[in-house]
There are 2 protein chains.
Amino acid sequence: MRKTIFIFGLLILALLLLFRLSKYALISGDFQIEIVISVVAVIFFVIGSFINKRTFQKEIRKHKTIDHQKIKDLGLSKREYQVLQEVAMGLSNQEIANKLFVSESTIKTHVSSLLVKLNAKRRTQAIQVAKDINII
Amino acid sequence: MRKTIFIFGLLILALLLLFRLSKYALISGDFQIEIVISVVAVIFFVIGSFINKRTFQKEIRKHKTIDHQKIKDLGLSKREYQVLQEVAMGLSNQEIANKLFVSESTIKTHVSSLLVKLNAKRRTQAIQVAKDINII
DNA sequence: AGCAATTTAGTACTTTAGTATGAGCCATCC
DNA sequence: GGATGGCTCATACTAAAGTACTAAATTGCT
């Protein structure tokens, strides 16, 4: 919000500055009205593009951001979440075990509690649920 | 490409029109230079925003659109692709069989060939691959 | 220090997934 | 009309996944 106000303040300032400059330029006869208008057009075209770009990038990020609050709400532990990520990458229990330097039994335990917490019957369903609620 | 040329043509036309109008307005003394510049600024701000919006929406769509060409390239049949979608939804072979009114054996066959064509060892990996290459 | 939660690991078992192979049916394309 | 590819289904098997416990070591917190 503060940023928006700041930006619009700058815009108004720039506009006022342009008024002065254009008036001076026209009176002094150094420039033609066409050039002044062209410059103004280009400047505001760029400003419009820039602001819009910012807005869109934010929205994209919002959609793709992982919901850390949701992870806490579900009661997923750090390790469980780690395992969930590996599961979503398509690894087998054994592969995850090797990657995390633990036994397959451990991974099975984690996956089982994951399925309960995510209310899923299979790991594939868990992946689907996790993606739905933006935690991966 | 034609669209781009068309749009830029319109832009130049609008600019030329503004030149005429602004000159007339200034000479006739009906308007002040501030108003003319403000109008130009607003117009090009809007144009800049609009064009940028279009560009971004296209890029987003490109990322989220399923790549039908890729599906053909991989040699996925209609039924196989159907099964792939259900697998990605987290269903078991039996559930998919019920949904498509075929036996579990049939689904197993489809899944097996899916794994070969997607170069995956497990269904979870197949899901990952499929999402990577934008076919689901 | 002591409690609660987490992480680890095991056994024993059931269920689901995946492989390999063969075979029948059907539409389509030379 | 035979070859091809896609869809179906079955059997028999192996491998992986998942469940249901138990339990020890670790960590975090008050």
Side-chain angles (χ1 to χ4, degrees), chain A residues 66-133 135-136, chain B residues 66-133 135-136:
Chain A
I66 51 178
D67 191 344
H68 295 283
Q69 189 53 47
K70 197 86 192 176
I71 296 174
K72 284 180 189 170
D73 291 348
L74 289 170
L76 295 188
S77 72
K78 202 183 293 180
R79 205 60 160 170
E80 283 167 352
Y81 181 64
Q82 231 168 50
V83 171
L84 173 61
Q85 288 176 314
E86 302 298 342
V87 167
M89 291 298 293
L91 302 188
S92 70
N93 290 335
Q94 188 60 64
E95 285 170 340
I96 299 172
N98 294 336
K99 199 166 181 179
L100 301 184
F101 302 108
V102 293
S103 78
E104 196 196 346
S105 304
T106 307
I107 302 301
K108 280 189 177 183
T109 308
H110 289 318
V111 171
S112 273
S113 60
L114 265 175
L115 295 182
V116 173
K117 288 174 181 176
L118 290 178
N119 195 29
K121 289 175 189 166
R122 283 163 292 283
R123 52 170 55 212
T124 48
Q125 202 179 347
I127 295 171
Q128 173 70 10
V129 171
K131 287 194 173 166
D132 256 18
I133 61 180
I135 62 174
I136 51 172
Chain B
I66 50 177
D67 192 345
H68 296 282
Q69 188 53 47
K70 196 85 193 180
I71 297 174
K72 282 181 191 169
D73 291 347
L74 289 171
L76 295 189
S77 72
K78 204 184 292 178
R79 204 59 161 168
E80 283 166 353
Y81 181 64
Q82 234 169 47
V83 171
L84 174 61
Q85 287 176 316
E86 301 298 343
V87 167
M89 292 297 293
L91 301 188
S92 70
N93 290 335
Q94 189 59 63
E95 284 170 341
I96 299 172
N98 293 336
K99 199 166 182 179
L100 300 184
F101 303 107
V102 293
S103 79
E104 195 195 346
S105 304
T106 306
I107 303 300
K108 280 189 178 185
T109 309
H110 288 319
V111 171
S112 272
S113 61
L114 266 176
L115 295 182
V116 172
K117 288 175 181 175
L118 290 179
N119 195 29
K121 291 175 187 167
R122 284 163 291 287
R123 51 170 57 209
T124 49
Q125 203 181 345
I127 295 172
Q128 173 70 10
V129 170
K131 289 197 171 165
D132 255 20
I133 60 180
I135 62 174
I136 51 172

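In the text below, chain A, chain B and the rest are named by the order of the sequence lines, each starting its count at 1.
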task = Provide, to the nearest angstrom, the distance between the OH atom belonging to A/Y81 and the C1' atom belonging to C/dA5.
result = 20 Å
query = Between A/R122 (CZ) and C/dT14 (C1'), how many Å, whole number?
reply = 15 Å
ask   = Run the side chain to side chain contact (heavy atoms under 4.5 Å, CB included) check on B/V129 and B/N119 step by step: do they pass?
value = CA-CA 8 Å; B/V129 170; B/N119 195 29; over 6 Å; no
query = Are A/S105 and C/dT11 close enough that a side-chain N or O sits under 4.0 Å from OP1 or OP2?
reply = no
inquiry  = Quick check for you: to the nearest 0.5 Å, what is the distance between A/I135 atom CD1 and A/K72 atom NZ?
reply    = 13.5 Å
First and last nucleotide of DNA chain D, 5' to 3', lying under 4.0 Å from heavy atoms of chain A = D/dA17 to D/dT19
remark   = Distance col, row B/K117:NZ vs B/L74:CG, nearest 0.5 angstrom, shows 9.0 Å
request  = Measure the spacing between CG of A/L91 and CZ of A/R123 and express it to the nearest 0.5 Å.
outcome  = 8.5 Å
ask   = Between atom CG of A/N98 and atom OG of A/S92, what is the distance when rounded to the nearest 0.5 Å?
value = 8.0 Å
note = Whole-Å distance, A/K78 NZ to C/dA5 C1', equals 13 Å
key: Contacts of A/K70 that satisfy side-chain hydrogen bond (donor to acceptor under 3.5 Å, both in side chains) - sequence neighbours left out   = none
request  = Please list, by residue number, the residues of residues 86-95 of chain A whose heavy atoms come closer than 4.0 Å to an atom of DNA chain D; answer none if no residue qualifies.
outcome  = A/S92, A/N93
request  = Please round to the nearest 0.5 Å and tell me the distance separating atom CG of A/D132 and atom CD of A/Q125.
outcome  = 10.5 Å
Test item: A/V83 and A/V111 side chains (from C-beta on) under 4.5 Å apart, heavy atoms = yes
task = Identify, between B/E80 and B/T124, the residue whose nearest nucleotide on DNA chain D lies closer to the 5' end.
result = B/E80
inquiry  = Going by side-chain contact (heavy atoms from CB on, under 4.5 Å), name the residues that satisfy it together with A/S112, two or more places apart in sequence or in a different chain.
reply    = none
Tabulate below the donor-acceptor pairs under 3.5 Å that side-chain atoms of residues 99-106 of chain A make, not counting sequence neighbours, or state none.
from: A/K99; atom 1: NZ; to: A/E86; atom 2: OE1; distance (Å): 3.1
from: A/S103; atom 1: OG; to: A/S105; atom 2: N; distance (Å): 3.3
from: A/S103; atom 1: OG; to: A/T106; atom 2: N; distance (Å): 3.3
from: A/S103; atom 1: OG; to: A/T106; atom 2: OG1; distance (Å): 3.2

Residues in contact with DNA chain D, drawn from residues 106-119 of chain A - heavy-atom cutoff 4.0 Å = A/K108, A/V111, A/S112, A/L115
ask   = Can you tell me how far the OG1 atom of B/T109 sits from the CD atom of B/E80, to the nearest 0.5 Å?
value = 10.0 Å
task = Would you indicate, yes or no, if C/dT8 has its OP1 or OP2 atom less than 4.0 angstrom from a side-chain nitrogen or oxygen of A/R79?
result = yes
